[in-house]
Structures are given as structure tokens and as C-alpha cells.
Q: 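This is the structure I have questions about; it appears just below.
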Number of protein chains: 2
Amino acid sequence: MPRLLGMELRGHLDLLLLGTLHQTGPVHGYALIVALRDRSDGAFKLPEGTVYPALHRLERDGLIDSEWYTGKPRRRRVYRLTPSGAAALTAKRREWRTFARGVQAIVEPDVREGWA
Amino acid sequence: MPRLLGMELRGHLDLLLLGTLHQTGPVHGYALIVALRDRSDGAFKLPEGTVYPALHRLERDGLIDSEWYTGKPRRRRVYRLTPSGAAALTAKRREWRTFARGVQAIVEPDVREGWA
DNA sequence: ATTGACACCTAGGAAGCCTATGCCTAGGTT
DNA sequence: AACCTAGGCATAGGCTTCCTAGGTGTCAAT
């Protein structure tokens, strides 16, 4: 029997969340959704039912932590990357590169651009 | 409520299978596993329990079809891309580019190098 | 004779994501 | 006043996907 894959075929959502959080600094969930949409140029319009549970999962796993901000306009839960989360981001970034390179090789093997 | 995503976060397996099949021409499942491993430079060592059910699913959906080859060394089920499958490949390729560009923007915003 | 590569298959479960829904506040419109 | 829209959080339930872990059997080499 073949061994474990080691390479994630899915689960790129965590990478996206962690990566955005790293770019923006501490933000609340809804802002994360907006940032993800804007920074991906509209590619990632993640529904709330996707993002909030994912954030809970990431917090449960210690990759982010949160704090209630009870301030002027509305109450918000502000998330922050933990050291462990930053490390995970680095690892997932590397995994992503491997994954993307692999897919690229399979999917568009003829990227020579030699159109002449 | 946010609308449908339209963008697949997972499901890249189908793209890989279809893409490999397109490169190799008609092949049997096991050869597909080997091709996927070799062409991805070792990134995709897919277990049989992943590939065979996926092939059945693709066939069920009409994207590939198959034929038993009862020949010299061993019996094999040879799969072939259908026209509908080729169309799906084109669509999924485009989706992949959007997806990859999006992730790239989130994850490594400081790389211009546009590979797509 | 036993190992290992080849070749197919399925059941079952874990995890992921999305739909749909709920609650609440603030600001604007009618 | 009543309504709507955007902001903000949350959960339940279902569907799909992938992988683990088995199973069957052939063929070549040690």
C-alpha cells in the first residue's frame, strides 16, 4: 500500500487565511473576508459560513488567537497570528509552491511562450 | 447572504487526472498514477484508493470513458478523454489559473514574475 | 517459494466547505 | 415609522472529497 501523501490536495483555505492575516496584521473576521476578496482581485469571495468556522478551527489549533474588541461602531473579534501560526504559514507556503509547481507541470507543460 | 463561490477551493484532483490523460492519451489507471508521480517530479504520489474511485466518478460524469483491455501482460481498464472531458479540462485549467493567481497574490504579494 | 511490482477494487470514516439560517447594530431611505 | 442594506458574528446539517485499510489476482525475479 502506498504511504501517506504528505502533500495536501485541499486545505488551501488555511494558507489563505494565515497569509492574509500576515499581510494585514490583527483584524476581525469580516475584514478578513473583504481583504481576501480585494487582494485576490475578486477570485475569493468566501462566504461567512466558510470563514468563521475556519477561524475557530485555526484558533483551536493555536495558529491564531483572538480578543473581543468592544468599541465604538460594533463589537468585533480581532484575530492575530501566533508564533506557531507564523511558522505554519511558512510551511504551508512551501507546500503551496510544491503543489502549484506540480499542477503547473501537469496542466500546462508547454509554457515555453515561444510564439514567434 | 454571499452568493455561490464559483471558484473551487478543492477538487483539483479532477484537473490533474484529466490533464494527465490529455498528455498521455489513453492509459490505464495504474499508469496514470505513475505518470502523475513522474511528471510532477514526485510531488503527487496518489494512492490507488484515491485514483480509482476518482476515475469511476469521472466516468460516471461522462468526462472519460473506458474499455477493458484483455491482452498480453495483464488485464487493464483503459481510460480515454471524452469530448465533454476535454471541454471540462479547458474550463478547469482556466479555473486553476484564476485560483493560482489568487493564492499567489495573497501568499507572496512581493513576486511579480507572473507565471500565468 | 517468496518477494515485489503491477493492476484492479471497495467500504468506511474523517475532514473540509458551503448553504441556509439565526441574531444583533448602525445608517440611510421612504 | 417602517424598511433596507451593510456590517458583524455564529451554528447546524449536508454533501463531497480524499485517504486508510483492507481485499483479489498476475507476473517476473531471486
Side-chain angles (χ1 to χ4, degrees), chain A residues 1-18 26-38 43-61 63-64 66-79 92 95 99 103, chain B residues 1-18 26-38 43-61 63-64 66-79 92 95 99 103:
Chain A
M1 257 140 290
R3 298 297 321 285
L4 255 166
L5 189 53
M7 199 37 248
E8 297 277 335
L9 284 182
R10 60 187 195 281
H12 297 305
L13 178 58
D14 292 359
L15 169 64
L16 293 175
L17 259 15
L18 261 16
V27 282
H28 59 283
Y30 197 91
L32 217 42
I33 292 177
V34 174
L36 221 20
R37 167 165 46 75
D38 293 347
F44 303 132
K45 300 200 224 310
L46 302 187
E48 305 174 16
T50 293
V51 172
Y52 289 121
L55 288 174
H56 299 336
R57 201 181 60 237
L58 290 172
E59 181 163 32
R60 189 200 61 198
D61 296 345
L63 304 186
I64 60 181
S66 69
E67 215 178 335
W68 276 108
Y69 164 83
T70 44
K72 292 144 288 186
R74 270 175 205 78
R75 97 197 204 288
R76 298 158 166 175
R77 184 178 277 280
V78 175
Y79 291 94
K92 280 173 186 300
E95 278 170 30
F99 178 75
V103 175
Chain B
M1 260 141 292
R3 297 297 321 287
L4 255 165
L5 191 53
M7 205 30 254
E8 297 277 336
L9 286 182
R10 57 187 197 282
H12 297 305
L13 179 58
D14 291 1
L15 169 63
L16 293 175
L17 260 15
L18 260 18
V27 282
H28 60 283
Y30 198 92
L32 217 41
I33 292 177
V34 173
L36 221 19
R37 167 164 47 74
D38 293 346
F44 302 132
K45 302 202 222 315
L46 302 186
E48 304 173 17
T50 293
V51 172
Y52 288 121
L55 289 173
H56 299 336
R57 200 181 62 236
L58 289 172
E59 181 161 34
R60 188 201 60 198
D61 297 345
L63 304 186
I64 60 181
S66 70
E67 217 177 334
W68 275 107
Y69 164 84
T70 43
K72 293 142 285 183
R74 270 175 205 81
R75 99 197 202 290
R76 297 158 167 176
R77 185 178 278 279
V78 175
Y79 290 95
K92 280 171 186 300
E95 278 170 31
F99 177 75
V103 175

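So you know, we letter chains A, B, ... as the sequences are listed, proteins then strands, and number each from 1.
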Q: Taking the nucleotide of DNA chain C with the closest heavy atom to each, which residue, B:Val34 or B:Tyr79, is nearer the 5' end?
A: B:Val34
Q: Would one find a side-chain N or O of B:Arg74 under 4.0 angstrom from OP1 or OP2 of D:dC27?
A: no
Q: Students often mix this up, so state it plainly: with edges at 30° and 60°, are the rings of A:Phe99 and B:Phe44 parallel, tilted or perpendicular?
A: perpendicular
Q: From the options C:dC9, C:dA5, D:dC9, select the nucleotide whose nearest atom is closest to the side chain of B:Glu48.
A: C:dC9
Q: By nearest nucleotide on DNA chain D, pick out whichever of B:Ala54 and A:Ala31 is the more 5' one.
A: A:Ala31
Q: The side chain of A:Pro53 lies closest to which of these nucleotides: D:dC19, D:dT11, D:dC9?
A: D:dT11
Q: Please give, in whole Å, the distance from C:dC17 P to A:Leu46 CG?
A: 9 Å
Q: Go through C:dC8, D:dC18, D:dC9 for me and flag the one nearest to the B:Trp68 side chain.
A: C:dC8
Q: Under 4.0 Å, heavy atoms only, any strand: does A:Gly29 hit a base, just the sugar-phosphate, or nothing?
A: sugar-phosphate
Q: If you round to the nearest 0.5 Å, how far is CG of A:Leu17 from CG of A:Leu55?
A: 5.0 Å
Q: At under 4.0 Å, does any side-chain N or O of A:His12 touch on OP1 or OP2 of C:dG16?
A: no
Q: With sequence neighbours left out, which residue pairs that include part of residues 51-60 of chain A fulfil the side chain to side chain donor-acceptor pair (under 3.5 Å) condition?
A: A:Asp14-A:Arg57, A:Glu59-A:Ser66
Q: Does D:dT16 have OP1 or OP2 sitting under 4.0 Å from an N or O in the side chain of B:Arg57?
A: no
Q: Would you indicate, yes or no, if C:dC8 has its OP1 or OP2 atom less than 4.0 angstrom from a side-chain nitrogen or oxygen of B:His56?
A: no
Q: When you measure from the side-chain N and O atoms of A:Tyr52 to the phosphate of D:dA10, is any distance below 4.0 Å, counting only OP1 and OP2?
A: no
Q: Would you say A:Arg75 reaches D:dG7's phosphate, i.e. side-chain N/O to OP1/OP2 under 4.0 Å?
A: no
